Amino acid sequence: MKLYYLPGACSLAIHIILEWIGEPYEAEAVTRERTKSPEYLKLNPAGAVPALADGDRVYTQNSAIQKYLIDKYPRANLGPDPTREGHYELNHWHGFLGGDLHPGFRPYFAPQRFHPDESAHQAIRAAAFANLQRLYGIADRHMNGRDHVIAGRRTVIDAYLFTFSSWAARAFPNRLGDFPHLKRFVANLLEDPGVVRALADEGVSFEL
Ligand SMILES: N[C@@H](CCC(=O)N[C@@H](CS)C(=O)NCC(=O)O)C(=O)O
């Protein structure tokens, strides 16, 4: 099994999950340029990470890879509670993190993709920042009094929320200072051996 990742990108979630599973795997760093090469586009036509090659198949899309790993390694117990409510919670957080929060960063990191005129970029970034603050506020209130996002134990969603929280810690002027519950959650995971290994492997570090 081989993970293709960009250091510190959303693929970090899969890297952490593979560490938590504890089975042998390879992880190969790619550059943004390489994700657009003909060779890589055969792996993932969307030209993005994460991509996970397993046997003769390649799995893409973060939430789909997470579900694949939950099913492939049931003993790692990284899935939701096996109830209707548990599956709802998993889908809810995949939607919130993958559908709301992740795309919320695009205008913040790359305003030039939204307007060619440089004079518009500051306003685009400010609007994106306000939206991200709102979304992190929702996640922060959810983490009040919780050590894990769902199920009262470690699941794939912890790795996913950790990954996007690391982006806030690295990119926001006040890091995670406005989000005390998220900050505690991230601080706890920074002590987790699997998280430590995945971050070190990717050469990523950040302060809270
Ligand atoms: N919907 C995809 C999004 C993947 C995605 O946007 N990956 C980013 C890194 S976080 C990427 O590879 N970007 C390449 C680029 O922007 O050129 C998923 O959830 O896996």
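What you are looking at is a predicted structure, and each value in this text was computed from that prediction instead of being measured. Count residues from 1 along the sequence. Hydrogens, waters and symmetry mates are skipped; everything else that's a heavy atom, side chains included, is used. Atoms within each ligand, like the ligands themselves, are counted from 1 in listed order.
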Q) Among protein heavy atoms, which lies nearest atom 10 (S) of ligand 1, and at what distance? A) C10 SG, 2.9 Å

Q: Tell me which part of Q61 gets within contact of ligand 1: side chain, backbone, both or neither, using heavy atoms under 4.0 Å.
A: both

Q | Contact (N/O only, under 3.5 Å) between N62 and ligand 1 | A | yes

Q. Counting only heavy atoms, which portion of E33 has something under 4.0 Å from ligand 1: side chain, backbone, both, or neither?
A. neither

Q) If you measure from the Lys or Arg side-chain nitrogens to the Asp or Glu carboxylate oxygens, is any gap between D140 and K183 under 4.0 Å? A) no

Q) Between F105 and F164, what is the ring plane arrangement, given parallel below 30°, perpendicular above 60°, and tilted in between? A) parallel

**Q.** Contact partition for R113 relative to ligand 1, non-hydrogen atoms under 4.0 Å
**A.** side chain

Q) To which protein heavy atom is atom 3 (C) of ligand 1 closest, and what is the distance rounded to 0.1 Å? A) H102 CE1, 3.8 Å

Q: Give the residue and atom name of whichever protein heavy atom lies nearest to atom 17 (O) of ligand 1, and the separation in Å to one decimal.
A: K36 NZ, 2.6 Å

(Q) Ring-plane angle category for F179 and Y136, please: parallel below 30°, perpendicular beyond 60°, tilted otherwise. (A) tilted

Q.
Under a 4.0 angstrom heavy-atom cut-off, which atoms of ligand 1 come close to A9?
A. 9 (C), 10 (S)

Q: May I ask whether P50 has any heavy atom positioned less than 4.0 angstrom from an atom of ligand 1?
A: yes

Q: From the options D81, D158, D147, select the one residue that forms a salt bridge (Lys or Arg N to Asp or Glu O under 4.0 Å) with R153.
A: D81

Q: Mark yes or no: R125 above the aromatic ring of Y108, with NZ or CZ under 6.0 Å from the six-membered ring centre and no more than 45 degrees from the axis.
A: yes

Q. Is E39 paired with R34 through a side-chain N to carboxylate O contact shorter than 4.0 Å?
A. yes

(Q) Which residue and atom name correspond to the protein heavy atom nearest atom 11 (C) of ligand 1, and how close is it? (A) A48 CB, 3.8 Å

Q.
Within the 4.5 Å heavy-atom criterion, are I70 and T155 side-chain neighbours or not?
A. no

Q. Are any non-hydrogen side-chain atoms of V58 and Y4 less than 4.5 angstrom apart?
A. no

(Q) Tell me the protein heavy atom at minimum distance from atom 12 (O) of ligand 1, and give that distance in Å. (A) V49 N, 2.9 Å

**Q.** atom 16 (O) of ligand 1 [closest protein heavy-atom partner, distance rounded to 0.1 Å]
**A.** R32 NH1, 3.0 Å

Q: Anything under 30° is parallel, anything over 60° is perpendicular, the rest tilted; go ahead and classify H92 against F96.
A: parallel

Q) How does W167 reach ligand 1, if at all, at less than 4.0 Å between non-hydrogen atoms: by side chain, backbone, both, or neither? A) side chain

Q: Write out the residue and atom name of the closest protein heavy atom to atom 6 (O) of ligand 1, then the distance separating them to 0.1 Å.
A: R106 NH2, 3.1 Å

